**Student:** 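First the structure, which I've put down as structure tokens, then a few questions once you've had a look.
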Amino acid sequence: MSASINQESAILLPAGTGHVGKAEARRWWVLFVFSYAAGLQGLLWMTYSSVPEQSQAYLGTGSSSLDFMLSEGPIAYVLVLLPCTWLLSKPGGLRIAVVASCVMCLFASVFRTVPVWLPPAFRSAHAGPLMWFLYIAQFVNAAAAPPTQAAPSLLSQTWFSVEQRTTATAIARVSNAGGRAVGFFLGPAIVHAASDVPKLLYAEIAMSAVLVACALASPPSGPRVPPSRSASAFLKSSERTADVETKALSTSGPRSFALSIASMLRDYWSLLCQPTRFAALVVAFGLQMGMYGAWSGVLPLVLSSQVSAYEAALLGFVNTVAGIVGGVVSGWLAGLPRFAAHLKATMVSLAFGAAIAFGVLAVMLKPFSLLGAVPYWLVAVVCSLAGLLRGGLDPLAFELGAELAFPTPPGTAAGALTMASHLTMIARFSPFHRRRSSSGR
């Protein structure tokens, strides 16, 4: 990644940090389960917006309800992030958080099908109140996101050697986007009419059940011996903190938890409210990732009046898959010494190129259409290029954030990055923004 990560700087991590062992083969199963959970959560988030016209007809509602269900994602994320970050900082917290996330996805996928089991006449007569089953389910699914979106760096640090860490972080980070990429085609492939919406819901229940089975069969929360000195240092630090909090809990009860949260808030304050490089990274990442996340969620709905449903799904798919490829490739390259020495220049180049590509894409489509009639294949190429360049930023930002925030736990650093992006999404989905957008058309 960079010299201080790849070489495990002796200044930050002295030789007495602890015994280091070889990375275990089962780390790949852990990464698979983690990535499956992240991908499925992203898939469930955009279930209804992947087939907007059929969903509106089946639910008897308008696009505002679909927008609200999308906006629940960042709102729930912000509310749950702090206790999730606290859990991730504890020994064994990573596995507990991921298993809980998987169970929440299964609950959400089942709970939102309750209206499907009711008679059609009853469902039509009570369409408004029954929407609350969907709202609650989508909120629970959104609350399942922090354990996977805030923990890629922690997962790679816990299970992988230094040489493989950036690649593991990249795979874990882009998995949520992979779930959304599947959603762009899974929905249209199953749902051809409004009556087909339950088929999609049942398919996602099956995928959620498989995920829970895989999570329960996953290994313990960490390897027998930490695979790196930084992993050993974090383990010892979390164990010492847990011992102190256990003793405090026996005497002060809930006050101990409140003190822990207050300590985390101080960490966030010291990281974000001072003119540091980490704070600048959080602002830059939050703005670009938040706007992109909101854009990708509403893409099928936005393009529904310009291209066919298949073409809209294809644009979303190629953009998301290109982002996944960009993230994995950049994560792999960042682990090579030649590229690690030029990390800042690489991130600036990727951000600049992505901004140009998205700008060109914007003037190609309505309401601007400044280039006149543009072939669909050219729009797809530019959309893919934009996704490729933007996707390459994600793993680099997470690994750089973990380095800049050290010795703050990786989960806390990643939480700050994702908090910024989800606050941007909340602003994008807000009624005020929607009114301004509507008045501009």
Side-chain angles (χ1 to χ4, degrees), residues 1-7 9 149-154 156-157 162-177 271-272 274-293 295-296 319-361 382-406 408 410 412-425:
M1 181 63 198
S2 66
S4 58
I5 287 183
N6 283 342
Q7 298 176 9
S9 173
Q149 293 193 35
S153 298
L154 176 60
S156 61
Q157 176 184 274
V162 177
E163 295 77 14
Q164 297 177 333
R165 189 179 300 170
T166 49
T167 301
T169 298
I171 295 173
R173 174 59 191 165
V174 303
S175 297
N176 186 266
L271 287 174
L272 300 177
Q274 300 181 28
T276 62
R277 289 183 295 171
F278 181 81
L281 176 66
V282 168
V283 173
F285 178 86
L287 289 175
Q288 64 89 15
M289 183 60 206
M291 292 304 297
Y292 174 77
W295 175 79
S296 65
N319 176 268
T320 307
V321 170
I324 294 171
V325 173
V328 174
V329 171
S330 70
W332 173 71
L333 291 176
L336 303 178
R338 178 181 302 179
F339 287 90
H342 306 285
L343 177 60
K344 182 177 179 180
T346 301
M347 294 183 67
V348 171
S349 300
L350 288 171
F352 186 70
I356 293 177
F358 276 111
V360 173
L361 184 63
V382 176
C383 194
S384 300
L385 179 61
L388 181 73
L389 295 173
R390 198 225 59 82
L393 288 169
D394 272 12
L396 303 185
F398 272 74
E399 282 297 307
L400 180 61
E403 177 185 352
L404 294 177
F406 190 87
T408 301
T412 302
L417 290 169
T418 55
M419 171 76 82
S421 66
H422 284 79
L423 287 174
T424 303
M425 291 178 68

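Given the structure is predicted, the values throughout are model-derived calculations rather than measurements.
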**Student:** Between Val174 and Gly323, which heavy-atom pair has the shortest distance, and what is it?
**Tutor:** CG1-O, 4.4 Å
**Student:** Would you compute the distance between atom CD1 of Ile324 and atom CD1 of Ile171 and round it to the nearest 0.5 angstrom?
**Tutor:** 11.0 Å
**Student:** Give, for atom CE of Met289 and atom CE of Met425, the distance between the pair rounded to the nearest 0.5 Å.
**Tutor:** 7.5 Å
**Student:** I need the minimum non-hydrogen distance between Leu393 and Met347, along with the two atoms involved.
**Tutor:** CD2-O, 3.3 Å
**Student:** Supply the atom-to-atom distance Leu417 CG to His422 NE2, rounded to the nearest 0.5 angstrom.
**Tutor:** 12.0 Å
**Student:** For Gly286, does its backbone N or O pair with a side-chain atom of Thr424 as donor and acceptor, under 3.5 Å?
**Tutor:** yes
**Student:** Please give me the minimum heavy-atom distance between Pro395 and Ser330, naming the atom from each residue.
**Tutor:** CG-OG, 3.4 Å
**Student:** Quick check: closest heavy atoms across Ala322 and Ser384, and the distance to 0.1 Å?
**Tutor:** CB-O, 3.1 Å
**Student:** Rounded to the nearest 0.5 Å, what separates atom OG in Ser421 from atom CD in Gln149?
**Tutor:** 7.0 Å
**Student:** Is it the case that Asp394 and Tyr292 place a side-chain donor and acceptor less than 3.5 Å from each other?
**Tutor:** no
**Student:** Could you check if a side-chain atom of Val282 sits within less than 4.5 angstrom of a side-chain atom of Phe278, using non-hydrogen atoms only?
**Tutor:** yes
**Student:** Under the 3.5 angstrom rule, does the side chain of Asn319 hit a backbone N or O of Cys383 as a donor-acceptor pair?
**Tutor:** yes
**Student:** Hey, could you give me the CZ/OG1 distance between Arg173 and Thr418, rounded to the nearest 0.5 Å?
**Tutor:** 7.5 Å
**Student:** To the nearest 0.5 Å, what is the distance between CD1 on Ile356 and CG on Leu361?
**Tutor:** 13.5 Å
**Student:** Do Gln157 and Arg165 pair up side chain to side chain, a donor and an acceptor below 3.5 Å, judged on atom types alone?
**Tutor:** no
